[in-house]
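Reckoned from all heavy atoms, side chains included, excluding hydrogens, waters and symmetry mates.
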2 protein chains.
Amino acid sequence: MVHVHGTLTHGKDSHAELHDHASADAVTSALALLHELGERVTAPRRAVLDALAAEHAHATAEQLAAALPDVHRATVYRTVERLAELGIATSMHTGGGTAYHLAVTPTGHEHLHARCRACDRIVVLPADSLQTAVERLGRARLFRLEPDHSELVGLCEDCASTD
Amino acid sequence: MVHVHGTLTHGKDSHAELHDHASADAVTSALALLHELGERVTAPRRAVLDALAAEHAHATAEQLAAALPDVHRATVYRTVERLAELGIATSMHTGGGTAYHLAVTPTGHEHLHARCRACDRIVVLPADSLQTAVERLGRARLFRLEPDHSELVGLCEDCASTD
DNA sequence: ACGCTACTGCGACTGAGTCGCATCGCACAA
DNA sequence: TTGTGCGATGCGACTCAGTCGCAGTAGCGT
């Protein structure tokens, strides 16, 4: 439950909220990037970015909208879509809709997400897991694979062992 | 009333239809497999498998339903879901819903599908494109990657060159 | 502080996907 | 071949994610 209540990081963000600093930093840099790109920094957008940073896994627009009762559903949908267009967030098609997560990380540590088709959990994988495939396909002029946007599916170790 | 009239690979497929023999064979073996698994072979299922084989790319339940006006929408949805459960078809989450394709191929030539995020086309890739990743993740006990079910996303060569 | 215009809230609308139930017909046995 | 049981289908209403157009609001540059 994100619940970024009325005092939406009002003016100055000196007061660290309930979420950890890493998330706060990510939101800060995302907001800065937003501004640099000529986009307006509004309260709803701050709220969406905050919620996005608070979610450790991917979040769907629907989930975000539920977590942000003060932001209109349509606005959440438009916002995440715009964020994805700008590259501030990345999207991934999962069974229950399109899921988003922040692409901007101050530390810059990238990672991939895979979904277990049995328990539906999201597993974090090393960023370079698909490196060989990317290079091979690129060299063969077949496809410019973008691991961030891909949805890897399979079985997590837990589910695989209980087969 | 289903009424998928006579031209539906009735008994013998001596009359070459609009689709090639490979597709017909795939349908035949899929039907056989269906029977072996204790499932009933019905006219609607034949029709869905036929349509599935005729589609060279992935097809969504919606597309299949549109292509099969005599089969009820709900039946198409239930059928493809069941086929996926049985492993006769594989599913993939794409932007416009869940897409399916036949997993049973008589020739056994497997391949992967990737989606271009720009033109939304499906590109066919060599089956072993992710082999390295599969092995690496498996050896590291991180994830049992199943390339068939994964949705690879990126840019096809056409769109990449017009960037 | 002002004005432009991008962004938001709103609520109706669309269409994919689901569900319960009555009926049908496949598969197997006699 | 006919009979029978139960799984599959047709049906149509229902749910709900996602979209759209419009009017009002508020961010940002001046």
Side-chain angles (χ1 to χ4, degrees), chain A residues 4 6 8-13 30-51 58-86 88 91-100, chain B residues 1-5 8 10-11 30-51 58-86 88 91-100:
Chain A
V4 185
L8 251 180
T9 314
H10 225 144
K12 34 185 51 201
D13 30 5
L31 289 171
L33 180 53
L34 206 54
H35 186 248
E36 283 170 23
L37 293 171
E39 295 286 319
R40 290 189 183 172
V41 176
T42 66
R45 289 183 172 186
R46 262 192 279 253
V48 169
L49 282 170
D50 237 17
H58 283 68
T60 63
E62 183 201 357
Q63 292 172 324
L64 293 172
L68 302 170
D70 294 333
V71 180
H72 195 272
R73 259 165 24 89
T75 300
V76 174
Y77 279 93
R78 285 184 290 227
T79 302
V80 289
E81 193 178 355
R82 173 60 60 91
L83 290 175
E85 282 175 13
L86 298 171
I88 295 176
S91 64
M92 190 175 117
H93 297 302
T94 150
T98 304
Y100 298 85
Chain B
M1 254 331 148
V2 173
H3 216 324
V4 182
H5 57 194
L8 198 60
H10 215 121
L31 289 171
L33 180 52
L34 205 54
H35 186 248
E36 283 170 25
L37 293 172
E39 293 288 317
R40 291 190 182 171
V41 176
T42 66
R45 290 183 170 186
R46 260 191 282 251
V48 169
L49 283 169
D50 236 18
H58 283 66
T60 63
E62 184 201 358
Q63 293 172 322
L64 294 172
L68 302 169
D70 294 332
V71 180
H72 195 272
R73 261 168 20 91
T75 299
V76 173
Y77 279 93
R78 285 185 289 226
T79 301
V80 290
E81 194 178 355
R82 174 59 61 90
L83 290 176
E85 282 175 13
L86 297 171
I88 295 175
S91 65
M92 192 175 115
H93 298 302
T94 151
T98 303
Y100 297 84

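- In this model, the phosphate group of dC19(C) is not approached by any side-chain N or O of H72(B) to a distance below 4.0 Å at OP1 or OP2.
- Across all strands shown, R73(B) has heavy atoms under 4.0 Å from base atoms, whether or not it also approaches the sugar-phosphate.
- Out of dG10(D), dC10(C), dA27(C), the shortest distance to the side chain of V71(B) is found at dG10(D).
- Comparing A74(B) and R40(B) along DNA chain C, the residue whose closest nucleotide (by nearest heavy atom) sits nearer the 5' end is A74(B).
- Between L37(B) atom CG and dA8(D) atom C1' there is a gap of 16 Å when expressed in whole angstrom units.
- Ion pair R82(B)/E85(B) flagged as a salt bridge, since at least one NZ, NE, NH1 or NH2 atom sits closer than 4.0 Å to an Asp/Glu carboxylate oxygen.
- For E81(A) and dC7(C), the CD to C1' distance is 14 Å, given to the nearest whole Å.
- Note on the helix from dA1(C)-dT30(D) to dA30(C)-dT1(D): terminal axis deviation equals 50°, with five pairs used at each end and the result rounded to 10°.
- Residue L34(B) holds its CG atom at 4.5 Å from CD1 of I88(B), rounded to the nearest 0.5 Å.
- When the nearest nucleotides of DNA chain C are assigned to E62(B) and V41(B) by heavy-atom distance, the more 5′-ward of the two goes with E62(B).
- A sub-4.0 Å separation between OP1 or OP2 of dG27(D) and a side-chain N or O of R45(A) is absent.
- We find that CG of D70(A) is positioned 10 Å from P of dC10(C), with the value rounded to whole Å.
- Residues that satisfy the salt bridge (Lys or Arg N to Asp or Glu O under 4.0 Å) test with R45(B), not counting sequence neighbours, are E39(B).
- Residue L68(B) holds its CG atom at 10.5 Å from OG1 of T75(B), rounded to the nearest 0.5 Å.
- Across the protein-nucleic acid pair, R78(B) atom CZ and dA16(C) atom P stand 17 Å apart, rounded to whole Å.
- Across the protein-nucleic acid pair, L34(A) atom CG and dG27(D) atom C1' stand 12 Å apart, rounded to whole Å.
- Within the structure, every side-chain polar atom (N or O) of T42(B) is placed at least 4.0 Å from both OP1 and OP2 of dA8(D).
- The distance from atom OG1 of T94(A) to atom OH of Y100(A), rounded to the nearest 0.5 Å, is 12.0 Å.
- What separates CD of E39(A) from P of dC28(D) is a distance of 11 Å, to the nearest Å.
- Summarising the geometry, atom OG1 belonging to T79(A) is positioned 12.0 Å from atom NE2 belonging to H72(A); distances are rounded to the nearest 0.5 Å.
- For Y77(B) and dC16(D), the OH to P distance is 17 Å, given to the nearest whole Å.
- Rounded to a whole Å, the OH atom of Y100(A) is 15 Å from the P atom of dA17(D).
- Summarising the geometry, atom CG belonging to L33(B) is positioned 6.0 Å from atom CD belonging to E36(B); distances are rounded to the nearest 0.5 Å.
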